[in-house]
Trainee: 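I'd like to ask some things about the structure below.
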Amino acid sequence: MAQRLDYLKESPSQTAGPYVHIGLAPSDARIDVYRRELGRDIVGPDAEGERITVTGQLFDGLGEPVKDALIEIWQADAQGEYPGKEDNGFCGWGRVVPDFDTGLFSFQTIKPGAVKAHNGQLAAPHLSFWLVARGINIGLQTRMYFGDEEKANVSDPVLNLIPEARRNTLIAKSDGTSYRFDIRLQGDDETVFFDI
Amino acid sequence: MIDELCQRDRNWHPPALAEQYKSSVTRAPHQPLLSLPGSESELTGPTFGHDDIDRLDCDLIRNYAQTGDPIGERIILHGRILDENARPVPNTLVEIWQANAGGRYRHQADGYLAPIDPNFGGCGRTLTDDEGRYSFRTIKPGPYPWHNWMNSWRPAHVHFSVFGTAFAQRLITQMYFEGDPLIAKCPIVSTIPDQAGIDQLVAVMDMNATLPMDAIAYRFDVVLRGHRSTPFENRPEGN
Ligand SMILES: [Fe+3]
């Protein structure tokens with residue numbers, strides 16, 4: 001026997017279930033309870049930067065759209081700074097509820113600048129995603145990179161950890177200021193998820 | 001430089017794929033997760049303040065009431081949000097949601113025959129105080145049947161969502177009630193591999209916090225990932 005470490009264990013995760021919207025986006029469940037819901041706008045109207053729209057779908061292993069998920073986004077501002085307590089019109093965090101009938105999600109934000117990576121190099125611009133749903137036992141973390149940032153993507157330290165065949169699963173297709181980002185939970189083009 | 005988090009113990013959490021919970025079969029990633037050193041992208045996270053929420057938000061007995069109080073056992077749910085180093089997590093957002101006393105959710109996808117309660121919305125939120133404490137007033141949720149096996153019932157439970165200070169600490173879990181015989185039969189509870197992990201999600205009745213002639217109290221602490229202590233920094237060779 002040796003001495004005991006006195007760390008606590010992290011509380012085990014449990015699925016958010018099919019009714020996660022009641023708790024985290026109640027107006028989507030048609031419950032009018034809060035004066036202001038949190039995470040409705042990732043950026044305010046005054047935030048600096050290029051306005052973009054991101055659209056996509058989440059697919060399960062049968063190729064069916066997942067219609068009961070909830071997604072959270074976290075991102076840097078146009079200068080590549082993550083928000084502190086005071087930020088002019090920039091929250092950097094948001095909640096996205098895919099359509100209950102189609103599973104299609106869409107949100108507006110500004111394109112983030114390049115941020116510092118873990119090794120001090122510059123990371124390509126990206127959005128951090130966290131997704132929960134019925135059948136997902138612990139929230140899944142991934143990132144969305146931008147298809148029109150080819151040069152930055154090539155030298156991104158995280159993308160470079162991923163075998164080339166799977167790297168594209170994290171890169172949204174660009175069409176002007178619109179981006180398409182589909183997430184696949186299983187299959188040949190399963191999205192890369194992180195343990196951070 | 002922002003402190004890194006302790007490695008998440010993936011053997012303590014449910015695996016992505018747990019066949020007894022059928023919904024996980026087509027929604028569990030098959031590929032191993034890519035391990036990433038922490039960076040600002042996930043070691044920072046959103047913060048919330050008192051202007052974001054109202055005082056009544058944490059009172060599920062009153063925050064949706066239209067004509068009177070909701071039906072059911074009045075309870076107080078309270079506890080602390082801590083990290084793995086046993087330090088309190090102050091000023092962090094705690095959100096809960098739950099079924100009503102009959103086991104019915106106010107959600108278009110819930111078709112259980114137990115009735116909707118006109119005075120119960122089923123969600124609440126609050127910020128922890130300086131010592132990481134939170135408190136909700138609500139009614140005890142009922143158990144409910146669901147489609148998994150032909151005869152599956154969820155134990156009475158409250159869903160909890162907690163933030164911490166880093167996006168990588170983000171956690172959703174569920175709170176169960178001490179003494180509920182359905183806990184041992186639930187395929188979602190049993191996705192947790194270790195009995196001690198299951199016990200960690202069971203709230204204990206707390207007579208000292210009970211309001212006499214009013215509401216029974218249950219105590220439930222949530223532990224988020226802790227920051228690694230780094231008395232000596234990693235330095236590249238030669239420095
Ligand atoms: Fe539930």
Side-chain angles (χ1 to χ4, degrees), chain A residues 6-24 26 29-31 33-36 38 60-62 66 68 72 74 82 85 91-93 115-118 123 126 128 130 132-141 143 158 161-162 185-186 190 192-196, chain B residues 8-9 12-16 18 23-24 26-27 29-31 33-42 44-48 52 54 57 63-64 82 84-86 95-97 105-107 109-110 121-123 159 161 167-168 170-174 188 191-192 197 200-201 222-226:
Chain A
D6 55 3
Y7 298 115
L8 303 177
K9 296 298 288 183
E10 188 187 8
S11 297
S13 171
Q14 291 271 265
T15 179
Y19 308 126
V20 57
H21 322 99
I22 291 178
L24 307 189
R30 300 200 201 103
I31 301 174
V33 61
Y34 299 138
R35 169 174 50 93
R36 192 167 74 81
L38 301 172
D60 69 12
L62 301 173
V66 174
D68 52 10
E72 288 186 8
W74 175 240
Y82 280 93
K85 283 210 156 59
C91 170
W93 170 80
V115 301
K116 261 209 290 314
H118 57 88
H126 60 269
S128 297
W130 179 78
V132 293
R134 169 178 66 87
I136 294 178
N137 286 326
I138 180 164
L140 295 170
Q141 286 163 306
R143 288 184 184 177
V158 169
L161 290 172
I162 304 170
L185 298 173
Q186 292 176 4
E190 180 181 310
V192 174
F193 297 104
F194 300 142
D195 183 26
I196 299 165
Chain B
R8 191 165 237 171
D9 183 353
W12 186 250
H13 288 286
S23 293
S24 74
T26 55
R27 294 182 168 195
H30 287 177
Q31 299 292 331
L33 301 175
L34 178 72
S35 294
L36 282 193
S39 71
E40 272 187 64
S41 303
E42 287 86 15
T44 57
T47 50
F48 304 96
D52 288 320
D54 293 323
D57 289 354
N63 70 12
Y64 193 81
L82 304 165
E84 287 169 285
N85 299 309
E95 295 161 292
I96 64 169
W97 69 100
Y105 282 98
R106 183 177 286 279
H107 195 286
D110 187 358
C123 57
H159 297 263
S161 161
F167 199 50
R170 198 74 182 79
L171 182 72
I172 281 182
T173 189
Q174 300 183 28
I188 288 178
T191 60
I192 300 168
Q200 202 181 344
L201 299 187
V222 177
V223 180
L224 300 179
R225 296 174 71 186

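In the text below, chain A, chain B and the rest are named by the order of the sequence lines, each starting its count at 1. The analysis underlying the following values was restricted to heavy atoms, covering all of them including side chains, and did not include hydrogens, waters or symmetry mates. What you see is a predicted model, and the numbers here were worked out from it, not measured in a lab.
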Trainee: Give, as side chain, backbone, both or neither, the part of B:E95 having an atom under 4.5 angstrom from any heavy atom of chain A.
Mentor: side chain
Trainee: Tell me, out of A:G61, A:G23, A:P12, who's got the most heavy-atom pairs with chain B below 4.5 Å.
Mentor: A:P12
Trainee: Please state whether the side chain, the backbone, both or neither of A:A16 comes within less than 4.5 Å of a heavy atom of chain B.
Mentor: both
Trainee: Do you know which of A:I138, A:L62, A:I196, A:L24 has the most heavy-atom pairs with chain B at a distance under 4.5 angstrom?
Mentor: A:I196
Trainee: Can you name the nearest heavy-atom pair linking A:L161 to B:L34, along with the distance?
Mentor: O-CD1, 4.1 Å
Trainee: How about B:H13 and A:N137: do any of their side-chain heavy atoms sit closer than 4.5 Å?
Mentor: no
Trainee: Taking side chain as C-beta onward, heavy atoms only, is B:F167 less than 4.5 Å from A:E72?
Mentor: yes
Trainee: So do the side chains of B:L224 and B:R170 get within less than 4.5 Å of each other, counting heavy atoms only?
Mentor: no
Trainee: Please give me the minimum heavy-atom distance between A:S128 and B:E42, naming the atom from each residue.
Mentor: OG-OE2, 2.9 Å
Trainee: What option among A:W130, A:Y7, A:Y34 has the most heavy-atom pairs under 4.5 Å with chain B?
Mentor: A:Y34
Trainee: When heavy-atom pairs shorter than 4.5 Å are enumerated against chain A, which of B:P15, B:P29, B:S35 gives the highest number?
Mentor: B:P29
Trainee: Below 4.5 Å, heavy-atom pairs only: which of B:C123, B:P14, B:S41 has the largest tally toward chain A?
Mentor: B:S41
Trainee: Give, as side chain, backbone, both or neither, the part of B:T44 having an atom under 4.5 angstrom from any heavy atom of chain A.
Mentor: both
Trainee: If I measure from the heavy atoms of chain A, does B:L201 come under 4.5 Å with its side chain, its backbone, both, or neither?
Mentor: side chain
Trainee: As an exercise: rank B:N85, B:D52, B:V222 by heavy-atom pairs under 4.5 Å with chain A and give me the winner.
Mentor: B:D52
Trainee: What part of B:A86 gets within 4.5 angstrom of chain A, counting heavy atoms only: side chain, backbone, both, or neither?
Mentor: both
Trainee: Fit a plane to each ring of B:F48 and A:W93, take the angle between them on a 0 to 90° scale, and name the class: parallel (under 30°), tilted (30 to 60°) or perpendicular (over 60°).
Mentor: perpendicular
Trainee: I need the residue from B:D54, B:N63, B:L171 with the largest number of non-hydrogen atom pairs under 4.5 Å to chain A.
Mentor: B:D54
Trainee: Would you say the side-chain atoms of B:Q200 and B:W12 include a donor-acceptor pair closer than 3.5 Å?
Mentor: yes
Trainee: Does any heavy atom of chain B fall under 4.5 Å from the side chain of A:L38, the backbone, both, or neither of them?
Mentor: both
Trainee: What part of B:T191 gets closer than 4.5 Å to chain A, counting heavy atoms only: side chain, backbone, both or neither?
Mentor: side chain
Trainee: Measure distances from A:P26 to the heavy atoms of chain B and classify the residue's part below 4.5 Å as side chain, backbone, both or neither.
Mentor: side chain
Trainee: With a 4.0 Å cut-off, would you call A:E10 and B:R8 a salt bridge?
Mentor: yes
Trainee: Quick one: are A:D195 and B:L36 in side-chain contact, heavy atoms under 4.5 Å?
Mentor: no
Trainee: Quick one: of B:P46, B:S161, B:A16, who has the most non-hydrogen atom pairs under 4.5 Å with chain A?
Mentor: B:P46
Trainee: Applying salt bridge (Lys or Arg N to Asp or Glu O under 4.0 Å), can you list everything that pairs with A:E190, at least two apart in sequence or on another chain?
Mentor: none
Trainee: Side chain, backbone, both or neither: which part of B:H30 has a non-hydrogen atom closer than 4.5 Å to chain A?
Mentor: both
Trainee: Can you say whether B:Q174 sits under 4.5 Å from chain A via the side chain, the backbone, both, or neither, judging by heavy atoms?
Mentor: both
Trainee: Between chain A and each of B:A168, B:P37, B:A18, B:S39, count heavy-atom pairs under 4.5 Å; write down the option with the most.
Mentor: B:P37
Trainee: Using the test side-chain hydrogen bond (donor to acceptor under 3.5 Å, both in side chains), find all partners of B:D57 that sit at least two apart in sequence or belong to another chain.
Mentor: B:R125
